[in-house]
**Student:** 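Have a look at the structure that comes next, please.
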Amino acid sequence: FSQVIKLFGDAQLNQPFHQIFVAKVNEGVIGYVAFSLKFLKSASGISGYIIARLAVSAQHQKQGVGSQLVRTGIDVLPKKGADVLQVYGDPAYYRRFGFSEKTCSVFMPPYPLAYPFGRTGMMLTETSLPDTPIQLDLSPHYPNQVYGDETLTNHSTITGQSLVNH
């Protein structure tokens, strides 16, 4: 693929609610990743994002496109003030980037998860994990915000104009 570009950022607050990046070949989009801001009920000062969606077209999978999109977020999000990045997806896939179950165990989801073993995270800064759990909260600006698919993975495949979860 030829490039990863920033598609969208919402600057209504200090930190954008969403950071979305796309991978392109020529003028065609072959993949994208969306990071959504997480809201923490804590005075810890820790802030973070969750990978809300990662998708790569079927013909471009296994070529490093998804990895480059995730790495772009790992590089960019600390510059936006994020301390932690989490995902509710396939732990085997995300461990290659440094995600672990331990990091996620400190951040409590706002509702029960069908597959709690699918939650992993990584610290993006030198900020230490807190000693006590931190409760995640739904965004006051986006009350229907999704913290990850209720399926085990949030990988998707671009097929034409539609997305298919697998």
**Student:** Tell me, please, which residues at least two apart from Ser100 pass side-chain contact (heavy atoms from CB on, under 4.5 Å).
**Tutor:** Lys102, Thr103

**Student:** Do Asn26 and Lys24 have side-chain heavy atoms sitting under 4.5 Å apart?
**Tutor:** no

**Student:** For Pro91 versus Gly118, what's the shortest heavy-atom pair and its separation?
**Tutor:** CG-CA, 4.1 Å

**Student:** Hey, are the side chains of Tyr93 and Ser67 touching, using non-hydrogen atoms and a 4.5 Å cut-off?
**Tutor:** yes

**Student:** Please examine the side chains of Phe99 and Leu85, heavy atoms only from C-beta on, and report whether any two atoms are closer than 4.5 Å.
**Tutor:** yes

**Student:** As an exercise, state the distance from CD1 of Ile74 to CD1 of Ile51, rounded to the nearest 0.5 Å.
**Tutor:** 7.0 Å

**Student:** Take Val65 and Tyr32, measure what side chain to side chain contact (heavy atoms under 4.5 Å, CB included) needs, and give me the verdict at the end.
**Tutor:** CA-CA 9 Å; Val65 177; Tyr32 80 97; over 6 Å; no

**Student:** Below 4.5 Å, heavy atoms only, C-beta onward: do Ile20 and Arg53 meet side chain to side chain?
**Tutor:** no

**Student:** Flag the pair Phe35 / Leu77 as yes when at least one side-chain heavy-atom distance between them is below 4.5 Å, and no otherwise.
**Tutor:** yes

**Student:** Below 4.5 Å, heavy atoms only, C-beta onward: do Phe97 and Val87 meet side chain to side chain?
**Tutor:** no

**Student:** State which residues pass side-chain contact (heavy atoms from CB on, under 4.5 Å) with Val76; sequence neighbours excluded, sorted by chain then number.
**Tutor:** Phe21, Thr72, Lys80

**Student:** Considering only residues two or more places apart or on different chains, which pairs with a residue in residues 111-136 satisfy salt bridge (Lys or Arg N to Asp or Glu O under 4.0 Å)?
**Tutor:** none

**Student:** Using the side-chain hydrogen bond (donor to acceptor under 3.5 Å, both in side chains) criterion, which residues pair with Thr125? Sequence neighbours excluded.
**Tutor:** Asp83, Thr127

**Student:** Looking at every non-hydrogen atom in both residues, tell me the closest pair between Ser47 and Gly81 and how far apart they are.
**Tutor:** OG-O, 2.7 Å

**Student:** Can you check side chain to side chain contact (heavy atoms under 4.5 Å, CB included) on Ile30 and Val56, steps first, answer last?
**Tutor:** CA-CA 6 Å; Ile30 61 169; Val56 176; 5.7 Å; no

**Student:** If you look at every heavy atom in Ser36 and Ala52, which pair is closest and at what distance?
**Tutor:** OG-CB, 3.5 Å

**Student:** Got a second to check how far Tyr88's OH is from Thr120's OG1, nearest 0.5 Å?
**Tutor:** 11.5 Å

**Student:** Enter the distance from Ser128:OG to Met123:CE here, rounded to the nearest 0.5 Å.
**Tutor:** 7.5 Å

**Student:** Are Met122 and Val84 side-chain neighbours, meaning at least one heavy-atom pair lies under 4.5 Å?
**Tutor:** no

**Student:** Go through the structure and list residues passing salt bridge (Lys or Arg N to Asp or Glu O under 4.0 Å) with Arg95, not counting sequence neighbours.
**Tutor:** Glu101

